[in-house]
Amino acid sequence: MKILVAVKRVIDYNVQIRVKEDGTGVVTDNVKMSTNPPDDNAVEEAVKIKEAGKATEVVAVTIGEEKAQETVRKALAVGADRGIHVKADGTLEPLAVSKLLQKVVEKEKPDLVFMGKQAIDDDCNQTGQMLSALLNWPQATFASKIDVKDGKLEIVREIDEGLETIEVNIPAIVTCDLRLNEPRYASLPNIMKAKKKPVDQLNASDLGVDISPRVEQIKVEEPPKRKAGIKVANVAELVQKLKNEAKVI
Ligand code: AMP
């Protein structure tokens, strides 16, 4: 069984995001970039399944500018066997990414595609679902537990009401939740070894997909600053303020 894992390069989750002065986007120059956090869980799960003898190959794929390759190298350093970098510049919307991933799937013919549940930069939560529709494969989103059975997966999903257990036939798309596992750290020797693993380069423009944006971004603004809070001396004062000043009770 072959598992393809989609990894996206995003601004590191610890970075305080700053909006560009001209309002055209957020500052990315000299900002720490990392793999989108749930994509690390997707890689970890694929590697674990391979280590358990239930998969034969884990292939990491990223779509983006030259530096996006770093995310593939990181996946290789924690156990993926090889990588694919689809070069594409500029803003990529989920529909464009899923159409490019569709082309990669048609070429690679994996049995499973693992992805993150959501990218922390655009917060779209769309790419996995769109890829599933394009391929006409079953989808299991927000997976917090994955059991590989004969030709099937049993998945526990995080839903608003709690946990839902479903079964999907393979081939399938699975989008991974942060609670799925604890991603391992890449050791220095493994980072060095990963440099020798193969990474295929493809150009988005050669794949015959229209990746032009369909959404026009008009302006990016900082959210309004939160006003400072106040301390009250006791419950009676709190109730009085909620009643007479905030007028919420
Ligand atoms: P989104 O729909 O943008 O929230 O992204 C959901 C998931 O799709 C991410 O967690 C990644 O696994 C995958 N994905 C999105 N954009 C890319 C990209 N440019 N390259 C590789 N994978 C991506």
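For ligands, and for the atoms within them, numbers begin at 1 and follow the listed sequence. Since the structure is predicted, the reported quantities are computational estimates derived from the model, not experimental observations.
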Distance to 0.1 Å, residue and atom name: give those for the protein heavy atom nearest to atom 16 (N) of ligand 1.
K8 CD, 3.3 Å
What atoms of ligand 1 come closer than 4.0 angstrom to any heavy atom of D122?
1 (P), 3 (O), 4 (O)
L242 CG to K247 NZ distance, which is reported to the nearest 0.5 Å:
12.0 Å
Pairwise side-chain contact, L153 with E167, heavy-atom cut-off 4.5 Å (strictly under)
no
Is the closest N or O pair between L101 and ligand 1 shorter than 3.5 Å?
no
List every atom of ligand 1 that sits less than 4.0 Å from any heavy atom of C124, numbering the atoms from 1 in the order shown and giving each element.
1 (P), 2 (O), 3 (O), 4 (O)
Nearest 0.5 Å, please: how far is CD1 in I155 from SG in C176?
8.0 Å
Atom 7 (C) of ligand 1: which protein heavy atom is closest, and how many Å away?
G116 O, 3.4 Å
If we set the cut-off at 4.0 Å for heavy atoms, which region of V97 has an atom near ligand 1: side chain, backbone, both, or neither?
side chain
Considering T127, T62, D39, V7, which one's heavy-atom position lies nearest to atom 9 (C) of ligand 1?
D39
For A6, is at least one N or O under 3.5 Å away from an N or O on ligand 1?
yes
Apply the side chain to side chain contact (heavy atoms under 4.5 Å, CB included) test between V47 and each candidate in E51, K50, E44; give the one that qualifies.
E51
So is M115 polar-close to ligand 1, meaning N/O to N/O under 3.5 Å?
no
Are the side chain of Q240 and the backbone N or O of A236 linked by a donor-acceptor pair below 3.5 Å?
no
Distance to 0.1 Å, residue and atom name: give those for the protein heavy atom nearest to atom 20 (N) of ligand 1.
I63 N, 3.0 Å
Please round to the nearest 0.5 Å and tell me the distance separating atom NZ of K87 and atom OG1 of T62.
13.0 Å
Output the distance between atom CD1 (I170) and atom CG (D150), rounded to the nearest 0.5 Å.
8.5 Å
Are V78 and V58 linked, directly or through other ILVMFWY residues, by side chains that come within less than 4.5 angstrom of each other?
yes
Which ligand 1 atoms does N125 reach within 4.0 Å, using its non-hydrogen atoms?
1 (P), 2 (O), 4 (O)
Checking side chain to side chain contact (heavy atoms under 4.5 Å, CB included) between F114 and each of N41, D39, I49, V43, which is the one that passes?
I49
Any N/O pair N36/ligand 1 closer than 3.5 Å:
yes
Report yes if D123 has an N/O atom closer than 3.5 Å to an N/O atom of ligand 1; otherwise report no.
no
